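These notes are about the structure you will find just below.
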Amino acid sequence: MTSNLVSPLRCLTSNDDDRSGSLKLRDLSLATRSGVRGVHASQWLKSESLPHELQPNTIEALPDHRLLMALSTREFWLLDPDNPSGDTEPTFERTKPGVWPLYNQNSHAWLVLSGEPRADMLAKLCGVDLRSKAFPLGTVAQTQMALVSTIIAHHLWRGEPVFSLFIDQSLTDFAWEALQDAMAEFNTTR
Amino acid sequence: MKIMQCPLNGPRNISEFVYGGQVEPMPDPQQCSDKDWASYVFYDNNAIGIVREWWQHAPSSYWFIAERHNASDDILRTYDPGELFSERVDFTTGENEP
Amino acid sequence: MSPSRLEHPFGQLIDRDTPVTFEFEGETVQGYAGDNVASALIGEGRWLMSRSFKYHRPRGPLSLAGHDANTLIQTPTAANRLAEDLMAKDQGTLSGQNYLGSLKFDYYSLLDRLGRFLPVGFYYRAFFKPRGMWRFWENVIRNAAGLGVANLEATPRYTDKQYLFCDVAVIGAGPAGLNAALTAATGGAEVLLVDEQELLGGALTYHRFTLEDDSRAQTLKALSNAVANHDKIRVLTGATCNAWFSDHYLPVFQGDRLYKVRAKTCVLATGSSEQPVVFRNNDLPGIVLCSGLERLMMHHGVCPEGPAVILAGNDDAYLTAITAAEAGLSIAGVVDLRSEPDDLALPAALSELGITLYQSATVYEAHSDKSGAQLGAVTIYPIESEGKVGVTPTHLECRLLAMSAGFMPAYQLACHGGAKLAYHDDKSEFTLTELPEGMHLAGSVNSTHDLKAVCADGRNAGRGALRALALETDNDETVQCERHVNHPWPIFKHPKGREFVDFDEDLQIKDIINSARLGYRDIQLVKRYSTVGMGPSQGRHSALTTARLIADATERTVTETGVTTARPPVKPESLGVLAGRRFHPIKKTPMDQRHLALGAHMIPAGSWRRPAFYGALDHRAANIAAEAHAVRNGVGMIDVSTLGGIELRGPDAAEFMNRIYTYGFLKQPVGKTRYAALANEQGVIIDDGVAARLAEDHFYVTATTTGVDRVYSEMLRWNAQWRLDLDIAQVTSAYSAVNVAGPFSRDVLEQAGCNIELSSESFPYLACREGMVAGIPARLMRVGFVGELGFELHVPSLMAQTLWDKLMVAGEPFNIKPFGVETQRLLRLEKGHIIIGQDTDGMSHPGEVGLAWAINRKKAFFVGRRSVDILMSQPLKRQLVGFTLSPSAPKPEEGHLVLRDGDIVGTVTSCEYSPTLAKVIGLAYVHPDDAQPDSEVTIRTADGVCVQAPIATLPFYDPGNARQQL
């Protein structure tokens with residue numbers, strides 16, 4: 001059966017994908033993500049045997065390679081970068097009081113930026129100091145990138161430190177183009 | 001550019017924030033005079049001193065309260081609105097609808 | 001042949017093996033890599049670079065540092081560039097600007113002779129009377145006073161911006177800045193060091209601080225090596241910090257990039273500006289500041305043609321004379337404004353070099369050579385008293401005059417931060433006080449001038465920065481500097497004038513004094529009246545003289561007089577770099593590619609782009625008519641993903657809805673939708689949408705495309721106060737939607753495959769359902785915005801494009817036609833549905849726009865309730881009604897006025913030709929007395945043509961609303 005899912009990234013040209021250089025940007029918008037919010041969200045995490053004492057704006061890798069990201073004391077995102085999303089909506093119980101499923105699978109595009117000068121490059125688009133000293137692995141910033149609200153998470157993926165960027169899906173093309181433009185000076189061979 | 005301390009997200013450029021007006025208790029909308037209501041809706045106390053204001057961190061949609069000196073523009077303290085508003089608010093008169 | 005230059009150690013910046021050429025005013029100029037345009041021109045003996053702003057006097061460089069406006073030239077792509085800022089190797093064809101004829105023969109220079117008819121404030125006083133004459137004179141004056149020419153054909157450069165984070169920003173890499181940077185970095189701080197010049201070292205690179213000049217070269221080498229090799233110091237050279245903003249936010253311009261530096265603390269080691277002596281014709285090309293001459297020799301190896309006269313207000317000028325003499329420049333004399341130098345060894349050193357010294361004397365007048373555009377001689381007079389000279393002149397032939405009347409701290413950045421300037425009469429010097437928190441000064445900006453003191457002051461500033469960062473450091477060194485570098489009154493008024501105080505604006509002593517005489521005592525008013533300090537050099541060379549002159553003229557102290565407020569930018573900056581890359585975020589729906597493939601004419605709608613209609617713009621009316629016809633008679637589909645969406649979930653969801661929206665929601669049945677209008681606290685309708693109750697504790701509400709962010713924010717804020725038990729989520733992007741509308745819409749959904757019973761009995765008008773359509777989970781609502789049977793389908797955004805494709809296929813047998821937002825606006829207008837924000841404004845209360853039915857006044861509270869009560873208890877002032885016109889009448893446009901007895905009573909808010917009804921229909925605010933269906937109103941259309949429009953009953957189409965309920 002063919003999937004009904006289409007990534008919000010539409011401006012991708014074939015050579016964007018395999019452009020070589022010190023920085024690499026990938027589209028993970030079709031990977032699985034879900035989340036919960038509400039006054040009892042952390043209790044729900046506990047009941048699911050997930051870490052439940054995460055500080056706001058931190059991200060932690062789970063033993064099964066999923067990632068758990070806390071945006072506040074009552075909002076948590078579960079990210080599964082290596083697992084493509086199914087066609088159905090998230091499988092949380094819908095009416096558990098104080099634990100509301102999030103719509104982040106569809107609301108946000110997921111781009112992953114890797115490469116050593118990633119903080120330097122993002123300094124062209126974002127006013128938060130993202131150098132590892134100020135923004136170490138495991139931290140999250142809810143901020144603006146090229147005037148667009150973005151959640152930036154610093155974590156390991158396939159053994160490599162990366163920034164996950166979560167952007168309103170309707171702005172995926174804009175953000176992708178702004179990032180490619182900012183990356184160009186780092187990816188030219190000299 | 002000024003930096004503001006967001007209680008949730010830490011210090012950020014002021015451009016990430018949206019001003020939401022002064023924190024002002026609403027008079028009882030059923031009982032107060034037209035004049036008191038108009039004063040609540042339209043007038044701000046513009047005296048020099050420390051003001052208590054609503055601010056929102058736009059990327060996270062998080063509202064908080066800032067205490068700021070409106071002459072020096074020093075931001076003295078920012079905190080979650082739960083500090084001021086801890087009790088559920090109810091409006092109780094004349095419940096009746098189709 | 002390449003021009004000859006001085007040998008090493010002169011010419012540190014140039015590469016003698018790489019000659020370069022460029023064109024200036026049609027002639028080829030030769031220089032070396034490392035030269036700037038000004039140094040290359042002077043290397044060839046050419047001092048004339050520009051014409052002055054007002055009198056078109058010939059001008060050449062003053063500071064040789066890009067700190068004055070005398071070197072503004074024109075490049076092929078940009079006007080008003082400073083010759084010192086342009087590297088000779090990068091140039092093609094350059095020219096002067098602001099002349100009629102050529103730079104050498106400027107016909108406008110006649111204005112100089114008319115100067116006495118152009119007193120200060122002349123423009124204000126002469127050309128504004130009689131009233132209206134300014135329009136005529138403005139053209140004439142602007143042509144004569146124009147600066148460069150903007151090249152409208154030039155390809156824009158790629159400019160951008162980047163944040164740069166550091167612990168300590170050190171601005172200025174002179175001896176103070178280098179020491180501050182090293183101390184801070186060694187103490188553990190991350191340092192950014194910024195300097196305008198390409199070379200580190202500031203004055204150390206060109207100025208000998210002592211007669212012996214024994215340790216300077218070593219100090220420079222040691223400091224710059226240590227800085228270059230320190231891994232905690234990042235250096236930006238050729239970079240200008242143009243402002244200080246709150247919390248140490250510093251815009252630093254380097255080439256085509258603007259660095260937005262965010263430091264935790266900063267050290268300003270910005271140095272000081274050398275000051276000119278004010279005497280007649282002190283603006284002739286060939287008259288420079290001492291530091292300018294030193295830069296020419298030491299940086300570029302240029303030894304200008306002599307003989308030279310040195311005009312000294314301090315000991316430093318003697319040192320300049322000695323350096324110049326050592327370079328081989330013939331010195332006709334050193335003229336000291338003082339009776340003797342502080343260092344009594346200096347006169348002996350001069351006489352050893354065979355240089356004549358004139359003490360207690362001044363250059364009183366400069367004379368041009370035969371060309372009229374170059375210094376040829378000076379007249380020297382003994383000084384009798386402050387500003388007054390004796391009677392015995394000495395005439396000296398010279399091609400060059402270097403002068404130093406003292407130094408003014410480069411106070412701009414400190415003053416941006418709120419620092420104040422105080423004048424010290426004992427040293428005739430301004431110093432900076434009241435620095436903002438976390439700002440440290442070092443070096444000559446901090447009024448230390450002796451090299452040892454400057455270095456120690458730099459280290460102390462570095463320590464101050466470390467303390468501000470709560471890092472450990474040792475105790476401050478004692479900094480003592482007894483040197484006097486400023487002459488108290490280097491100002492010599494001449495009966496024939498032309499003693500320039502402000503070179504940019506062509507202001508002479510009398511212009512400043514006359515401003516005070518005319519009553520402008522305050523320095524800020526003097527500036528605005530005379531324009532002193534308004535030019536590109538921003539008072540660098542005029543503020544001190546102006547303060548002294550005004551203090552004297554108004555009998556106040558110089559501190560009381562002060563200088564005008566320093567505001568960013570410090571140096572002229574390019575608008576292109578300020579703009580950087582332009583970010584215009586445009587939201588696209590998941591169906592965006594499909595719309596483009598279908599030939600949609602896309603328009604902006606809020607922050608989105610949407611199809612206005614499909615097909616070519618020049619067939620707009622026909623395309624819209626065809627789309628409308630399809631919806632009315634067959635089936636159409638519109639992408640409404642831009643609709644705002646908000647989810648309210650929790651036990652208090654209904655209670656919250658009831659408080660936010662004007663209508664009642666507590667008893668809304670599950671599976672039904674209700675119209676939801678939102679008022680603000682002033683009682684004005686600000687948004688609307690449809691509220692679907694999906695479960696007892698679950699509402700899904702739509703909001704307008706442009707209003708949803710505000711609605712969502714306000715909801716969050718209200719609940720931050722009310723503390724109701726619910727979750728509020730903005731799902732605009734999570735859900736995308738289409739509206740399938742028209743008599744065959746039900747058939748299309750059935751064709752696509754739908755697990756919901758769609759008959760009007762089980763899924764009536766205004767109901768909502770959840771189910772699967774074409775294999776995709778969907779929320780369905782029966783809505784009537786366009787007035788036909790219709791279903792709005794809201795689906796997860798990742799599946800929306802697939803849904804669109806499947807519905808287009810399923811709709812094929814029914815000739816489904818996509819329609820755009822302009823068609824939708826026409827269709828809703830036919831139904832008389834208002835659009836909030838188009839048919840309402842910042843004053844529209846529910847009673848005015850026919851929404852009184854959507855107000856529940858029995859419930860306890862809703863936002864804006866009290867204001868709505870007050871507004872609706874008053875007589876209506878205007879009312880939104882429908883009107884019709886024949887297609888042959890002039891068609892009103894949105895915004896056209898509604899008149900009543902000649903007075904404006906309202907405006908047209910919507911107006912379209914309806915192909916279905918074959919007439920023009922519209923909505924307008926009218927006087928309440930004219931709001932009845934048998935009335936007529938007057939609408940003033942384009943070109944003032946008035947039409948009489950009969951009022952119509954709404955809706956225009958299908959008055960019984962039968963079609964949407966099918």
Side-chain angles (χ1 to χ4, degrees), chain B residues 1-5 11-15 17-21 23-38 40-42 53-58 60-65 72-75 79-98, chain C residues 163 243 245-251 260-262 264 418 436-437 652 654-655 658-659 663-668 674 680-684 709-710 712-725 728-730 856-871 873-874:
Chain B
M1 192 182 339
K2 205 173 173 60
I3 286 178
M4 190 176 215
Q5 184 79 27
R12 289 298 170 79
N13 285 343
I14 196 77
S15 60
F17 299 92
V18 179
Y19 174 64
V23 177
E24 203 175 335
M26 186 196 290
D28 183 337
Q30 305 265 18
Q31 305 298 326
C32 73
S33 67
D34 282 1
K35 199 174 168 210
D36 287 347
W37 183 256
Y40 163 70
V41 170
F42 293 110
E53 296 166 337
W54 284 104
W55 284 84
Q56 187 188 38
H57 181 245
S60 59
S61 300
Y62 173 73
W63 282 105
F64 59 94
I65 291 168
S72 69
D73 200 27
D74 287 335
I75 298 164
Y79 50 92
D80 189 88
E83 266 193 41
L84 281 189
F85 305 98
S86 51
E87 298 288 314
R88 179 190 169 101
V89 175
D90 277 303
F91 300 90
T92 44
T93 29
E95 187 75 15
N96 190 2
E97 65 139 327
Chain C
Y163 276 91
F245 293 115
S246 296
D247 296 321
H248 309 294
Y249 183 78
L250 308 163
K260 299 186 275 187
V261 173
R262 177 68 84 177
K264 297 191 178 96
E437 206 183 318
D652 281 332
E655 170 65 23
N658 218 39
R659 294 184 188 189
Y663 205 40
F665 293 91
L666 289 179
K667 294 178 183 165
Q668 177 180 354
R674 272 183 186 177
N680 63 12
E681 289 205 285
Q682 287 82 45
V684 173
D709 288 339
R710 176 157 71 146
Y712 174 60
S713 271
E714 282 305 300
M715 283 181 170
L716 293 177
R717 182 152 65 146
W718 281 116
N719 208 39
Q721 299 166 71
W722 294 337
R723 301 273 143 186
L724 298 184
D725 185 2
I728 305 163
Q730 150 119 255
N856 181 327
R857 302 178 71 176
K858 290 182 185 149
K859 61 184 183 181
F861 172 84
F862 62 84
V863 174
R865 161 72 186 271
R866 180 64 187 266
S867 296
V868 168
D869 284 351
I870 293 170
L871 287 167
S873 67
Q874 292 168 356

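The sequence lines fix the lettering, A, B, ..., with proteins before strands; numbering per chain opens at 1. As the structure is a prediction and not an experimental result, all values here were calculated from the model.
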Is there side-chain contact between [X] and [Y], with heavy atoms separated by less than 4.5 Å?
X	Y	value
C/Asp869	B/Trp37	no
B/Pro25	C/Gln721	no
B/Cys32	C/Arg866	yes

(request) Show the numbers, then the answer: is there a side-chain contact (heavy atoms from CB on, under 4.5 Å) between B/Arg88 and C/Leu724? (result) CA-CA 6 Å; B/Arg88 179 190 169 101; C/Leu724 298 184; 3.4 Å; yes

(message) As a quick check of understanding, evaluate side chain to side chain donor-acceptor pair (under 3.5 Å) for C/Gln730 and B/Ser61, giving each step before the final call.
(response) CA-CA 10 Å; C/Gln730 150 119 255; B/Ser61 300; over 6 Å; no

(request) Taking B/Trp63 for its side chain and C/Ser713 for its backbone only, find out whether a donor-acceptor pair lies under 3.5 Å. (result)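 Yes; at least one donor-acceptor contact below 3.5 Å.
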
(message) Check whether C/Arg262 reaches the backbone of B/Met1 with its side chain - one donor and one acceptor, N or O, closer than 3.5 Å.
(response)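 Between the backbone of B/Met1 and the side chain of C/Arg262 there is a qualifying donor-acceptor contact (under 3.5 Å).
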
(request) Against chain C, label B/Phe64 side chain, backbone, both or neither, depending on which of its atoms sit under 4.5 Å from a heavy atom there. (result)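 Contact with chain C involves no heavy atom of B/Phe64 at all.
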
(request) Under 4.5 Å heavy-atom distance to chain C, tell me which part of B/Phe42 shows up: side chain, backbone, both or neither. (result)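 The side chain, not the backbone.
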
(request) Indicate the atoms forming the closest heavy-atom contact of C/Asp247 with B/Ile3, along with that distance. (result)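 C/Asp247 and B/Ile3 have their closest heavy atoms at OD2-N, 2.7 Å.
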
(message) Over 60° means perpendicular and under 30° means parallel, so tell me whether C/Trp722 and B/Phe91 are parallel, tilted or perpendicular.
(response)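 C/Trp722 vs B/Phe91 ring planes: perpendicular.
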
Please look at [X] and chain B and tell me whether the side chain, the backbone, both or neither of the residue comes under 4.5 angstrom of a heavy atom of that chain.
X	result
C/Leu716	both
C/Phe862	neither
C/Asp709	neither

(request) Mark yes when over 12 heavy atoms from residues, nucleotides or ligands other than C/Arg710 sit less than 6.0 Å from its CZ; otherwise mark no. (result)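 Check fails, neighbour count at 12 or below.
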
(message) Take a 6.0 Å sphere around CD of C/Glu437 and say whether it holds more than 12 heavy atoms from other residues, nucleotides or ligands.
(response)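 No - once you tally the heavy atoms of other residues, nucleotides and ligands closer than 6.0 Å, there are 12 at most.
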
(message) Under a 4.0 Å threshold between the charged nitrogen and the carboxylate oxygen, would B/Asp90 count as salt-bridged to C/Arg659?
(response)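 Counted as a salt bridge, because a side-chain N and a carboxylate O are separated by less than 4.0 Å.
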
(message) Please identify, among C/Ser867, C/Gly418, C/Pro251, C/Gly683, the residue contributing the most non-hydrogen atom pairs under 4.5 Å to chain B.
(response)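 Of the options given, most contacts go to C/Ser867.
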
(message) I'd like to verify something: which residue of C/Arg857, C/Glu681, C/Arg717 has the highest number of heavy-atom pairs under 4.5 Å with chain B?
(response)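 With the most close heavy-atom pairs to chain B, the winner is C/Arg717.
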
(request) With rounding to the nearest 0.5 Å, note down the distance linking CD1 in B/Ile14 to OG in C/Ser246. (result)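 If we round to the nearest 0.5 Å, B/Ile14:CD1 and C/Ser246:OG are 9.5 Å apart.
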
(message) Can you tell me how far apart CG (B/Asn13) and OH (C/Tyr163) are? Round to the nearest 0.5 Å.
(response)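 With rounding to 0.5 Å, CG (B/Asn13) is 4.0 Å from OH (C/Tyr163).
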
